[in-house]
Asks: 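This is the structure, below, for whatever I ask next.
This is a predicted model, so every value here is computed, not measured.
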Amino acid sequence: MPSARWLSKRRPYWERLTELVERSGRSGVRNLSHKELQELGLLYRQAAADLAAVREDPLEQGLARSLNQLLSRAHNLLYAGRKRSGWGIVQFYRVEFPRVFRETFKYTLAAALLFLFSGLIGALLTLHDAAFERYFVGPEMRETIEHHKMWTESVLSVKPLASSKIMTNNISVCFVTFASGIFAGLGTIFEMLFNGFMIGVIGVACFEANMSNMLWSFVSPHGVLELPAIFISGGAGLLLARGLLFPGLLPRRESLAQAGGKSARLMFGVIPILIVAGTIEAFLSPTHLPPGLKYIFAAALLMLFTVYLTKSGREKTPDQKNPAVDTSSVRLR
């Protein structure tokens, strides 16, 4: 646990780091000399070690948050200017996206809970009143359900076109869910509640028509990717709202910029997920394969996707493996 003497000794270095970050401004590290840039790197690494020590003291949580935000700003300066190699896009999906997902998981979880809660309400209301579904389910869908057919059978005859339309629609829904977070999160919350509610209503409508197996065997192959993508998009919108409404010790503009950066990385990450989901929804989900095979496929895909999100990118980067900095030409003030 850090002592008062240790804190007073370290504060000048944190103030110096803050000074260098503030001087960089919008132009980034171009405003710093080579020596100052070296100093910035050293101070950043030392402040990271200081943060670990400060976090051990429950009475210094405010200082810990302040240091964490300072380190975040310094990190953006130090690494924003790095040139991306040809493998940059691969590294993003292999390392950066799953890391940002784990870091912001509480927002994704909040979006998923909103979706599930609304789905439960929709299901209960439809169970209570069988006519309730008519307010939300269109006449064409109701007619196919009454004839015990899936409204998706027409997809089989136009697979490539359907795949393109499905991808475009899913990406549009996810981006609207994310972008509407700028309205204090209200738009994102509405999108999650509405989509969840519709799933609940349709699920019970199919259940009452003895079509549950037909519905879920259709949804499961692509839904194990599509639904998490929607949840991640909702989490990105909620994160954006948090940056706007609760800036903490940062200026509101900078808080929004930081939250927006993470949200944008989340959204960039879900695009290929939605493309794969759209392809499956057009070419596999509506086929007449046995439902058991579709469920097995869905379970295997969900397992692989879960392993990717939870395990990928946990290995240390070269910077983390070798954190030493050449300090021979740097003298701290």
Asks: Run through the side-chain heavy atoms of Ile, Leu, Val, Met, Phe, Trp and Tyr, join any pair under 4.5 Å, and report what else lands in Met303's cluster.
Replies: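 Same cluster as Met303: nobody, lone residue.
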Asks: Whether the side chain of Ser312 engages the backbone of Arg94 through a donor-acceptor N/O pair (distance < 3.5 Å, no angle test) should be reported.
Replies: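 Yes, Ser312 side chain to Arg94 backbone: donor-acceptor pair under 3.5 Å.
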Asks: Side chain to side chain contact (heavy atoms under 4.5 Å, CB included) between Leu274 and Leu225: does it pass, once the steps are laid out?
Replies: CA-CA 7 Å; Leu274 291 170; Leu225 295 181; over 6 Å; no
Asks: Atom CD1 of Ile230 and atom OG1 of Thr177: how far apart are they, to the nearest 0.5 Å?
Replies: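 Nearest 0.5 Å value for the CD1-OG1 distance: 7.0 Å.
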Asks: Out of curiosity, Met198 CE to Leu193 CG, how far, rounded to the nearest 0.5 Å?
Replies: 13.5 Å
Asks: Would you give the length of the straight line joining atom CG of Leu302 to atom CZ of Phe297, rounded to the nearest 0.5 angstrom?
Replies: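 Leu302 atom CG to Phe297 atom CZ measures 11.5 Å (nearest 0.5 Å).
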Asks: Please name the pair of heavy atoms, one in Gly234 and one in Ala111, separated by the smallest distance, quoted to 0.1 Å.
Replies: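 Shortest heavy-atom contact: C-CB, 3.7 Å.
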Asks: Please determine whether the number of non-hydrogen atoms from other residues, nucleotides or ligands lying under 6.0 Å from atom CZ of Phe194 exceeds 12.
Replies: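 Open: at most 12 neighbouring heavy atoms sit under 6.0 Å from CZ of Phe194.
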Asks: With sequence neighbours left out, write down each residue that passes side chain to side chain donor-acceptor pair (under 3.5 Å) with Glu208, or none if nothing qualifies.
Replies: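 Side chain to side chain donor-acceptor pair (under 3.5 Å) check on Glu208 returns nothing, list empty.
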Asks: Are there more than 12 heavy atoms of other residues, nucleotides or ligands under 6.0 Å from atom CZ of Phe207?
Replies: no
Asks: Do the non-hydrogen side-chain atoms of Leu71 and His75 ever get within less than 4.5 Å of each other?
Replies: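 Answer no - side chains too far apart.
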Asks: Considering all heavy atoms of both residues, which atom of Phe92 and which atom of Pro98 are nearest to each other, and what is their separation?
Replies: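 Closest heavy-atom pair between Phe92 and Pro98: O-CD, 4.1 Å.
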Asks: Trp14: which residues meet the side chain to side chain donor-acceptor pair (under 3.5 Å) condition with it, sequence neighbours left out?
Replies: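 Once residues adjacent in sequence are excluded, the partners of Trp14 under the side chain to side chain donor-acceptor pair (under 3.5 Å) criterion are Asp50.
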Asks: Do you know which two heavy atoms are closest between Gly122 and Val201, and how far apart they sit?
Replies: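 Heavy atoms only, the tightest pair is O-CG2, 3.9 Å.
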Asks: Measuring only between side-chain heavy atoms, which start at C-beta, is Ile89 closer than 4.5 Å to Phe268?
Replies: yes
Asks: In this structure, are over 12 heavy atoms from other groups packed under 6.0 Å from Arg102 atom CZ?
Replies: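 Enclosed.
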Asks: Suppose we screen for side chain to side chain donor-acceptor pair (under 3.5 Å). Which residues come up paired with Lys294, at least two apart in sequence or across chains?
Replies: none
Asks: Could you measure the distance from the CD1 atom of Ile232 to the CE atom of Met267? Nearest 0.5 Å is fine.
Replies: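 Between atom CD1 of Ile232 and atom CE of Met267 there are 9.0 Å.
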Asks: Within the 4.5 Å heavy-atom criterion, are Val276 and Leu301 side-chain neighbours or not?
Replies: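 A side-chain contact under 4.5 Å is absent here.
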Asks: Return the set of residues passing ring pair (Phe, Tyr, Trp, His ring centres under 6.0 Å) with Phe101 (not counting sequence neighbours), or none when no residue passes.
Replies: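 With neighbours one apart ignored, the set is Phe105.
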Asks: Treating Thr188 as the side-chain partner and Gly181 as the backbone partner, does any N or O pair qualify as donor plus acceptor under 3.5 Å?
Replies: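 Checked: pair present.
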Asks: Output, in order, the C-alpha distance, side-chain angles, deciding distance and verdict of side chain to side chain contact (heavy atoms under 4.5 Å, CB included) for Asp57 and Leu63.
Replies: CA-CA 10 Å; Asp57 188 352; Leu63 176 60; over 6 Å; no
Asks: Going hydrophobic residue to hydrophobic residue with side-chain gaps under 4.5 angstrom, can you get from Leu109 over to Leu266?
Replies: yes
Asks: Within this structure, what is the OG1-CD1 distance for the pair Thr287 and Ile280, rounded to the nearest 0.5 Å?
Replies: 11.5 Å
Asks: Report whether Tyr13 and Trp6 are members of the same hydrophobic cluster (ILVMFWY, side-chain heavy atoms less than 4.5 Å apart, transitive linking).
Replies: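 Yes, one cluster joins them.
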Asks: Suppose we screen for side chain to side chain donor-acceptor pair (under 3.5 Å). Which residues come up paired with Arg55, at least two apart in sequence or across chains?
Replies: Asn68
Asks: Just jot down the ring pair (Phe, Tyr, Trp, His ring centres under 6.0 Å) partners of Phe97, sequence neighbours excluded, or say none.
Replies: none
Asks: Is the backbone N or O of Phe175 less than 3.5 Å from a side-chain atom of Ser233, with the two atoms forming a donor-acceptor pair by type?
Replies: no
Asks: In chain order, what residues pass the side-chain contact (heavy atoms from CB on, under 4.5 Å) check against Tyr295, with sequence neighbours excluded?
Replies: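 side-chain contact (heavy atoms from CB on, under 4.5 Å) list for Tyr295, sorted by chain: Asn213, Trp216, Ser217, Ser220, Pro291.
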Asks: Please report the shortest heavy-atom distance between Ser255 and Gly243, naming the atom on each side.
Replies: OG-O, 2.8 Å
Asks: Decide yes or no on side chain to side chain contact (heavy atoms under 4.5 Å, CB included) for Leu7 and Glu60, but give the supporting numbers first.
Replies: CA-CA 10 Å; Leu7 290 172; Glu60 296 292 347; 3.7 Å; yes
Asks: Salt bridge (charged side-chain N to carboxylate O under 4.0 Å, His left out) with Glu254: which residues, sequence neighbours excluded?
Replies: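 In terms of salt bridge (charged side-chain N to carboxylate O under 4.0 Å, His left out), with neighbours along the sequence ignored, Glu254 is linked to Arg73.
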Asks: May I ask you to check whether over 12 heavy atoms, not counting those of Phe117, lie within 6.0 Å of atom CZ?
Replies: no
Asks: Minimum heavy-atom separation for Pro221 and Leu284, please, with both atom names.
Replies: CB-CD2, 4.1 Å
Asks: Identify, with sequence neighbours excluded, every residue that meets ring pair (Phe, Tyr, Trp, His ring centres under 6.0 Å) alongside Phe231.
Replies: Phe115
Asks: Is any side-chain heavy atom of Pro247 closer than 4.5 Å to one of Arg253?
Replies: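 No, their side chains stay 4.5 Å or more apart.
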Asks: Looking at residues at least two apart in the chain, or sitting in another chain, which of them share a ring pair (Phe, Tyr, Trp, His ring centres under 6.0 Å) with Phe305?
Replies: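 Once residues adjacent in sequence are excluded, Phe305 has no partner under the ring pair (Phe, Tyr, Trp, His ring centres under 6.0 Å) criterion.
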Asks: The criterion is side-chain contact (heavy atoms from CB on, under 4.5 Å); which residues satisfy it with Ala74, sequence neighbours excluded?
Replies: Leu17, Val21, Tyr44
Asks: Here's a test for you: under side-chain contact (heavy atoms from CB on, under 4.5 Å), which of Val270, Asn170, Val173, Ile273 qualifies with Glu226?
Replies: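 Option passing the side-chain contact (heavy atoms from CB on, under 4.5 Å) with Glu226: Asn170.
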Asks: Show your reasoning for whether side chain to side chain contact (heavy atoms under 4.5 Å, CB included) applies to Leu124 and Leu120.
Replies: CA-CA 6 Å; Leu124 291 176; Leu120 178 62; 4.1 Å; yes
Asks: Out of curiosity, does Ile271 fall in the hydrophobic cluster containing Val90 (side-chain heavy atoms, cut-off under 4.5 Å, transitive links)?
Replies: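 In one cluster: yes.
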Asks: How many angstroms lie between CD in Glu36 and CG in Leu40, if you round to the nearest 0.5 Å?
Replies: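 It comes to 9.5 Å.
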Asks: Given side chains that start at C-beta, do those of Ser180 and Phe190 come closer than 4.5 Å, heavy atoms only?
Replies: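 Side chain of Ser180 against side chain of Phe190, heavy atoms only: no contact under 4.5 Å found.
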Asks: With a 4.0 Å cut-off, would you call Glu96 and Arg99 a salt bridge?
Replies: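 The answer is no: the pair does not qualify as a salt bridge.
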Asks: Examine distances only and state if a side-chain atom of Glu133 and a backbone atom of Asp129 form a donor-acceptor pair shorter than 3.5 Å.
Replies: no
